[in-house]
A.B. asks: 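A single structure is presented below for examination.
Computed from a predicted structure; not experimentally measured. Below, chains carry the letters A, B, ... as their sequence lines are ordered, and counting in each starts from 1.
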Number of protein chains: 2
Amino acid sequence: MAAQTRERILDTSLAAFGLRGYDSTSLDEMATELGITKQAILYHFSSKEHLLTATIELAVAELGSALGGASKPQSRGFQRIEDLVRATFSLAARRPEVLGLVRLVTRQGGVASGELASAMSVMLGDAVRFVEAEMIAGRFRRLEPRMLLLAVYSAVIGVATEPEVMRALGLEPDLRSLVKARRETIEFLRAALIAD
Amino acid sequence: MAAQTRERILDTSLAAFGLRGYDSTSLDEMATELGITKQAILYHFSSKEHLLTATIELAVAELGSALGGASKPQSRGFQRIEDLVRATFSLAARRPEVLGLVRLVTRQGGVASGELASAMSVMLGDAVRFVEAEMIAGRFRRLEPRMLLLAVYSAVIGVATEPEVMRALGLEPDLRSLVKARRETIEFLRAALIAD
DNA sequence: CAGATAACTTACCAAATGGTAAGTCTGTGA
DNA sequence: TCACAGACTTACCATTTGGTAAGTTATCTG
């Protein structure tokens, strides 16, 4: 029962931190939700901040496995971007809390963010090299690679995790709309990226 | 001294809520920062939630005046988009907390978000009509207008308010980089939007 | 069977939180 | 000058917060 509880706590904290935020989530709340006491949480994770660190680790792992599969080095040109965007939207639909936590950490920074930051650094470094190679090969439009990636990243994460804005646009953030949003995002990126 | 204090409180709360978040900001903290007592805040705003409502009102006003000037109906085609993006980046540099609050509210939703939501609905409604007109005129690529706007919105807000991601990309989020980010974002959008 | 260890719970606690009640001071109009 | 209202402060308060200390129970080991 031990390891299971640990995992259940991490599951709950990922959802809570990712969807509601760190300060907005209390340990008591989570404990009640899990049907255990707060002290059981503090038995497995010695403080709330340690729990956050472990939660970020979990999110990094999930992010890696979700996007790692999609970024097969063999696929080239825009196909690879499309694969990544599809994987990101799939993750947003299946586990919105993971991207929520990514956003939380990338915004607030903070102590525990080191791991996610470095994991993202690696992923983004690979991405920069990929984009540069595609530009040199003449398949992608020539833009500043890092800024381009920042725009792509922002567009995808934004579309995938901004339900209130979708509502303001008169779109319900259901699965069908997400599929549509994914298709349109890919078309948008295709237009922006592919060299004439 | 009365009206001044009220405004000073709103200034501080806009910065605090917009940059740190609602739950992460305590009234005592803000009061100390202002050199007054918490009860002085509660004298002007009967509860923390009322303060948030008033703060959102202020942010809506600032957002409106910052972007309203840029969206002159006379400018057409991509120029109008460029004006808007410039205005957004200018706001991000001058008063990052305003966009921070917009993001906070659009993400969390909540009770007090009604005003911002409706203000954004109006702005986005105008934008949808503008984009549709440009598409019909053949100046913009044909994409789903609302999804397109969501992607544009996400890209701009993301680039303008995502300092940690910039750091992960090896870019310092200083003024020079922001200028560069603005230029690249505009180029990115130009490529994505303008019909061949 | 003894006892150690892992996995908890019960019982607290100090600090911080949003909020109430009751004063205090200062200017202002009658 | 005197009442009075506006703009606060001082004094509290109940609740919630993250966290500690001390059990309790079950399982495994020698």
A.B. asks: Would you mind listing every ring-ring contact (aromatic ring centres under 6.0 Å, His included) that reaches into residues 150-170 of chain B, with sequence neighbours excluded?
C.D. replies: none
A.B. asks: In whole Å, I'd like the distance from the CD1 atom of A:Ile9 to the C1' atom of D:dG18.
C.D. replies: 15 Å
A.B. asks: Who passes side chain to side chain donor-acceptor pair (under 3.5 Å) against B:Ser121, sequence neighbours left out?
C.D. replies: none
A.B. asks: The criterion is ring-ring contact (aromatic ring centres under 6.0 Å, His included); which residues satisfy it with B:Phe188, sequence neighbours excluded?
C.D. replies: A:Phe188
A.B. asks: Tell me, please, which residues at least two apart from A:Thr37 pass side chain to side chain donor-acceptor pair (under 3.5 Å).
C.D. replies: none
A.B. asks: Report yes if a side-chain nitrogen or oxygen of A:His44 is closer than 4.0 Å to either non-bridging phosphate oxygen (OP1 or OP2) of C:dC8; otherwise report no.
C.D. replies: yes
A.B. asks: Backbone N or O of A:Arg86 within a donor-acceptor pair of the A:Ser90 side chain at under 3.5 Å?
C.D. replies: no
A.B. asks: Please check the phosphate of C:dA7 (OP1 and OP2 only) for any side-chain N or O of A:Thr5 closer than 4.0 Å.
C.D. replies: no
A.B. asks: I'd like to check the side chain to side chain donor-acceptor pair (under 3.5 Å) partners of B:Arg95; sequence neighbours left out, ordered by chain and number.
C.D. replies: B:Glu62, B:Glu97
A.B. asks: Treating primed atoms plus P, OP1 and OP2 as sugar-phosphate and everything else as base, which nucleotides of nucleotides 9-19 of chain C get B, S or - for protein heavy atoms under 4.0 Å?
C.D. replies: BBB-----SBB
A.B. asks: To the nearest Å, give me how far apart CG (A:Leu34) and P (C:dC8) are.
C.D. replies: 11 Å
A.B. asks: A:Met30 has an atom CE; how far is it from atom P of D:dT16, in whole Å?
C.D. replies: 18 Å
